[in-house]
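Numbering of ligands and ligand atoms starts at 1, following listing order.
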Amino acid sequence: MEAWLVALGASLALGAVTLAALRDRRIMARIAAAAGVESAAEVPAAVRSSRERADRLETSLASVRADHDAFVESMTQGVLVVGPDLRITAANGAAYELLDRAPLSLVGRSIIETFIDTNVEATVRSARDAGSATIEYAPTGADGRRLLIRARRSPDGGSWMLLEDIAELRRLQQIRTEFIDNLSHELRTPLTTVSLLAETLAREADAAGDTVPPRMRERIGKIEVETGHLVQMVSELVDLSRIESGGGLGPVELLDIGAIATTSTERLRLFAERQGVGLRVEVAERVPLVQGDAARLGQVLVNLVHNAVKFSPDGGDVTVRVRAGDAEVVTEVADHGIGIAPVAQARIFERFYKVDRARVRGESGGTGLGLAIARHIVEQHGGRIWVESAEGVGSTFSFALPIAGPPTIPARRATSEDPAAS
Ligand code: ADP
């Protein structure tokens, strides 16, 4: 073979080897960069350490999953995982127990098949759409059992359901209601007698003039005021337990809330004048009628107006407004008094809740039951009650009642002003 041919062959082979080596080096450099190391020599060690890390992660993931499963299994509340198609994909032991089902029989079933209740299915749907929803459910067959079901939307577009047995809670609530009911009924008669005696004593002390020392007269006055508070507290307790046990409403008729607002406010005019607070009622034109118990709704208004006056400063003013809303009649009682902090606003409709006993001027305060009673009465009428308030600015308590339907009150404008305040 010619020498030049041999040389050409050799240099081509060398070139090919050099190119392959260059390509390998570039590949190795890329692998090294991807592995986060400086040179190709460090790659095997880096791969080994990544694999160890992955193994460790897998082990700890398995342990977290085991902990999570053990935790969910140990819960006394039932847990159901529901897919976007409203079928159960997982359930813990408590769920089987609370729903009285054989092991493993829930997975794959639809919500309607499981609960045989369209309301439960609607609750899960509304949790899926709105984020969360709650319902009380009585499983058929499980004697006396009542479940509170809380549903929440899950990240995969399905929902989680938490089931809690509240039969015991309801039983204890029943015992508490009966206890308060019995106690308040027992206390009412002797307390009314003591209150009447205190009143008589105060009158006699007044009539006796200077023969009764001023300190004694003052003490008799205090006894009269405090027994008055006790009598009011006990009668509100009797009221609350009667309303809570569902027996609160008297005759239900078509009502003009504007007229009830006006008469209820009038009942408090003297009290407001004594406190130096102006009262005003504004009733919009053509307010539709509502259906309800006039005495009970009057009680709600008296309570709201009484509070508004009580928590207003001397020279303050309280306005009661009645207007038609969408499918409901809205009544507002607005004051420019001390207001209520946001944290307390969430609790004032609870029984016995009082923001701060030291804030009320002139008297030792109420019972903390008035708003609880008002809420029960409004809810018994199918309505809702709420408060908007800012500390130091004032509060507006509102309640809305469903419209009874046509006919409406004839056109008119009712406004009553407090002459003393204007
Ligand atoms: P009470 O008999 O104490 O007035 P309520 O249930 O009527 O009981 O009210 C509960 C608490 O809510 C009151 O003690 C008071 O702290 C607060 N509250 C109610 N109405 C008003 C208001 N208009 N302005 C400020 N605080 C109020």
Side-chain angles (χ1 to χ4, degrees), residues 177 180 184 187 191 225-244 248 261 264-265 267-269 271-272 274-282 296-322 330-380 383-399 418 421:
T177 305
I180 292 179
S184 46
L187 284 173
L191 263 178
V225 169
E226 294 303 334
T227 44
H229 283 145
L230 281 173
V231 169
Q232 193 200 339
M233 189 185 294
V234 167
S235 84
E236 283 187 359
L237 272 174
V238 171
D239 246 16
L240 182 65
S241 68
R242 194 185 304 143
I243 291 167
E244 277 187 339
S264 306
T265 308
R267 284 178 59 195
L268 289 159
R269 196 166 291 288
F271 170 63
R274 281 203 199 128
Q275 304 275 313
V277 174
L279 279 186
R280 210 180 136 77
V281 183
E282 295 174 2
R296 287 294 182 198
L297 292 173
Q299 191 181 352
V300 172
L301 269 148
V302 165
N303 184 268
L304 296 184
V305 177
H306 188 271
N307 278 348
V309 171
K310 191 164 73 173
F311 294 103
S312 283
D314 200 344
D317 64 290
V318 168
T319 309
V320 182
R321 291 187 194 91
V322 182
V330 181
T331 307
E332 291 172 2
V333 179
D335 66 58
H336 300 100
I338 56 176
I340 305 162
V343 62
Q345 284 175 36
R347 300 200 52 197
I348 49 173
F349 293 100
E350 290 171 16
R351 59 170 87 69
F352 297 117
Y353 185 80
K354 295 163 84 163
V355 178
D356 175 2
R357 280 154 211 270
R359 300 191 315 162
V360 193
R361 66 204 158 96
E363 58 172 290
S364 60
T367 56
L369 287 171
L371 289 176
I373 294 175
R375 192 195 62 182
H376 273 290
I377 295 175
V378 170
E379 285 177 357
Q380 276 184 333
R384 56 202 173 91
I385 185 166
W386 67 97
V387 65
E388 287 151 297
S389 183
E391 270 187 300
V393 178
S395 311
T396 300
F397 282 82
S398 311
F399 65 91
D418 179 8

*Quick one: closest heavy-atom pair of F352 and L237, and the distance?*
CZ-CD2, 3.6 Å
*Specify side chain, backbone, both or neither for I340, according to which of its non-hydrogen atoms lie closer than 4.0 Å to ligand 1.*
side chain
*asked:* If the threshold is 4.0 Å, N to carboxylate O, is there a salt bridge linking K310 and D335?
replied: no
*Between Y353 and ligand 1, which residue portion shows a heavy-atom distance shorter than 4.0 Å: side chain, backbone, both, or neither?*
backbone
*Plane angle bin for F349 and F397 - parallel if under 30°, tilted between 30 and 60°, otherwise perpendicular*: perpendicular
*At under 4.0 Å between heavy atoms, which part of L369 makes contact with ligand 1: side chain, backbone, both or neither?*
backbone
*Any idea which part of H306 is under 4.0 Å from ligand 1, heavy-atom wise: side chain, backbone, both or neither?*
neither
*Run down the list I373, V318, V305, N307 and name the one with the heavy atom closest to atom 19 (C) of ligand 1.*
N307
*Based purely on interatomic distance, does G339 place a nitrogen or oxygen under 3.5 Å from a nitrogen or oxygen of ligand 1?*
no
*Do D317 and R280 pass the side chain to side chain contact (heavy atoms under 4.5 Å, CB included) test, and can you show the C-alpha distance, the side-chain angles, and the key distance before you say yes or no?*
CA-CA 8 Å; D317 64 290; R280 210 180 136 77; over 6 Å; no
_4.0 Å heavy-atom contact, R351 with ligand 1_ = no
*Determine the minimum heavy-atom distance between G368 and K354, stating which atoms define it.*
CA-CG, 3.7 Å
*Is any N or O atom of G368, backbone or side chain, closer than 3.5 Å to an N or O atom of ligand 1?*
yes
*asked:* Can you tell me if F397 contacts ligand 1 (heavy atom of the residue under 4.0 Å from the ligand)?
replied: yes
*Would you say K310 and ligand 1 have an N/O pair spaced under 3.5 Å apart?*
yes
*Ignoring angles and geometry beyond distance, decide whether E236 reaches within less than 3.5 Å of ligand 1 through its nitrogen or oxygen atoms.*
no
